[in-house]
Colleague: 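Pasting a structure below so you can have a look.
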Amino acid sequence: MDAVVLAGGIPQPEDPLYSYSRGDSKALIDVAGKPMIQWVLDALGDAKHVDNVIVTGLSPKVGLTCKKPIHFISNQGRMLGNIVAGIGKSLQLDKKSKYVLVVSADIPALKPEMVDWLVETTMQTKDDIYYGVCTREVMEGRYPGSKRTYTKLKGIELCGADINVTHVRMATEHLDLWESLIGNRKSPLRQASLIGLGTLLQVATRSITLEDLVTKVCDRIGIKGRAIIWSHAEACMDVDKPHQLELLREDIAKLQPAPLAKPKATTKKPAAKKAAPAKTKTTSKVAPKKK
């Protein structure tokens with residue numbers, strides 16, 4: 001499965017991350033010694049189920065690397081435009097491509113085994129789109145100070161994942177609705193309002209379960225969808241605010257192996273002088289006395 005990495009975001013002066021990016025891409029902000037996106041590329045590169053990696057919004061000149069074949073697409077100006085262009089590149093590489101991973105560049109804690117788990121879990125069914133979530137308990141158990149925004153449903157509070165799987169035909173269908181949903185991705189209530197007034201009220205009053213919400217959304221759009229509940233918070237821990245950046249910088253730095261200690265320089269002791277051979281006393285033969 002190919003992975004489309006979204007790296008087109010550039011913080012503007014009013015964005016709290018602007019002082020870190022200074023007009024450059026958010027994906028290139030340093031996290032524990034690497035650009036934020038490089039951690040994501042390393043995870044995708046070591047995942048056994050990833051074939052190609054398509055980076056949207058950056059050029060090869062930035063010097064990113066990946067163990068899998070990597071392709072770059074210029075910024076299309078909008079997130080949906082970058083997703084559509086990335087899926088188009090995947091189809092160009094392989095016309096038989098059916099599903100792609102859509103990955104945000106700002107989840108540097110992602111690990112290769114998490115990517116493989118997602119691919120294996122989603123490919124057990126044939127839905128159009130798979131959207132990941134994790135519970136408040138999972139998120140705050142792993143990242144107590146993350147202060148994420150949660151959608152409160154009946155019996156559960158959730159935040160969204162930033163790595164998901166979609167069928168390639170989603171790049172050509174329902175684009176207007178996708179545009180609106182992506183534009184309001186930080187406001188669950190606004191997203192619910194796009195699905196219908198009844199759903200909005202049910203979300204606002206926390207009277208709808210996750211399963212029922214998925215069913216209503218899919219019926220409204222006319223697709224088959226499935227919610228993927230993560231037991232790992234890393235896939236849902238993105239960098240939107242300075243405290244989240246500092247949290248991940250510290251957390252990832254702690255997980256890195258300590259550098260090998262340099263061997264101590266040793267000074268050779270001067271070789272001990274060989275003891276001079278003991279002088280042997282010379283004895284003069286005494287002639288035996290004549291009897």
Side-chain angles (χ1 to χ4, degrees), residues 3-47 53-58 62-66 75 78-80 82-83 86 101-112 114-115 118 131-136 138-151 157-164 182-188 191 230 232-256:
V4 177
V5 182
L6 305 176
I10 300 176
Q12 299 302 302
E14 64 274 15
D15 190 310
L17 290 176
Y18 181 79
S19 60
Y20 295 87
S21 64
R22 299 180 181 277
D24 208 342
S25 171
K26 172 183 167 183
L28 298 178
I29 294 176
D30 182 88
V31 173
K34 295 182 190 178
M36 192 185 312
I37 187 177
Q38 187 60 60
W39 292 100
V40 177
L41 297 179
D42 290 347
L44 295 171
D46 284 331
V53 174
I54 301 159
V55 176
T56 64
L58 293 174
V62 296
L64 299 172
T65 60
C66 186
N75 199 340
R78 296 174 296 118
M79 182 182 290
L80 183 60
N82 286 333
I83 295 173
L101 287 155
V102 180
V103 192
S104 174
D106 63 355
I107 48 173
L110 185 69
K111 296 288 184 293
M114 298 173 189
V115 178
L118 179 61
Y131 186 73
V133 293
C134 81
T135 64
R136 177 191 281 268
V138 168
M139 176 57 70
E140 296 188 354
R142 176 67 178 86
Y143 299 110
S146 55
K147 298 179 183 177
R148 294 295 311 272
T149 301
Y150 297 95
T151 301
E157 293 182 40
L158 302 164
C159 61
D162 291 273
I163 172 170
N164 298 291
I182 291 172
N184 292 288
R185 64 188 180 281
K186 301 299 180 184
S187 174
Q191 283 191 325
W230 282 87
H232 296 286
E234 288 84 348
C236 307
M237 186 58 219
D238 62 347
V239 176
D240 279 336
K241 297 173 183 174
H243 77 271
Q244 293 165 342
L245 174 63
E246 297 299 343
L247 184 156
L248 283 171
R249 280 177 165 176
E250 182 179 353
D251 184 83
I252 292 175
K254 281 182 182 176
L255 295 176
Q256 301 315 302

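Residue numbers count from 1 along this sequence. Below, each value reflects all heavy atoms present in this structure, side chains not excepted, and no hydrogens, waters or symmetry copies. These numbers come from a predicted model, not from an experiment.
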Colleague: Does Q12 reach the main-chain N or O of Y18 with its side chain, forming a donor-acceptor pair under 3.5 Å?
Modeller: no

Colleague: Using side-chain heavy atoms (C-beta onward) and a distance below 4.5 Å, is V62 in contact with I37?
Modeller: no

Colleague: Would you name the heavy atoms of P242 and L17 that are closest together and state the gap between them?
Modeller: N-CD2, 3.8 Å

Colleague: Just verifying a value: how many Å separate M36 CE and L41 CG, rounded to the nearest 0.5 Å?
Modeller: 12.5 Å

Colleague: Can you tell me how far the CH2 atom of W230 sits from the CZ atom of R142, to the nearest 0.5 Å?
Modeller: 13.5 Å

Colleague: Using a 4.5 Å cut-off on heavy atoms from C-beta on, say whether the side chain of D251 contacts that of K254.
Modeller: no

Colleague: Before you tell me yes or no, could you show the steps for I163 and L101 under side chain to side chain contact (heavy atoms under 4.5 Å, CB included), namely the whole-Å CA-CA distance, both residues' side-chain angles and the distance that decides it to 0.1 Å?
Modeller: CA-CA 7 Å; I163 172 170; L101 287 155; 4.1 Å; yes

Colleague: Under 4.0 Å between a side-chain nitrogen and a carboxylate oxygen: does that hold for D46 and K111?
Modeller: no

Colleague: Tell me the closest heavy-atom pair linking V4 and N82, and the distance in Å.
Modeller: CG1-O, 4.3 Å

Colleague: Between K26 and D240 (salt bridge meaning N to carboxylate O under 4.0 Å), is one present in this structure?
Modeller: yes

Colleague: Compare every heavy atom of D42 with every heavy atom of K34, then report the nearest pair and how far apart it is.
Modeller: NZ-OD2, 2.6 Å

Colleague: Could you check whether any side-chain heavy atom of Y150 comes within less than 4.5 Å of a side-chain heavy atom of E140, counting everything from C-beta outward?
Modeller: yes

Colleague: So does E246 have more than 12 non-hydrogen atoms from other groups sitting under 6.0 Å from CD?
Modeller: yes

Colleague: Counting N and O atoms only, with roles assigned by atom type, does the side chain of W39 sit under 3.5 Å from a partner on the main chain of V31, one being a donor and the other an acceptor?
Modeller: yes

Colleague: Which atoms form the tightest heavy-atom contact between G160 and R148, and what is the distance?
Modeller: O-NH2, 4.0 Å

Colleague: Taking it one step at a time, do V115 and V103 satisfy side chain to side chain contact (heavy atoms under 4.5 Å, CB included)?
Modeller: CA-CA 10 Å; V115 178; V103 192; over 6 Å; no

Colleague: Check for a donor-acceptor pair, side chain of D238 on one end and backbone N or O of I107 on the other, with a separation under 3.5 Å.
Modeller: no

Colleague: Ignoring hydrogens and angles, tell me if any N or O in the side chain of Q244 forms a donor-acceptor pair with the backbone of S146 under 3.5 Å.
Modeller: yes

Colleague: Looking at every heavy atom in both G86 and I54, which two are closest together, and how far apart are they?
Modeller: O-CD1, 3.6 Å

Colleague: For T56 and N75, indicate whether the former's side chain and the latter's backbone hold a donor-acceptor pair under 3.5 Å.
Modeller: no

Colleague: For a quick test of reading the model, state the closest non-hydrogen atom pair linking Y143 to E234 and the distance between them.
Modeller: OH-CG, 3.3 Å

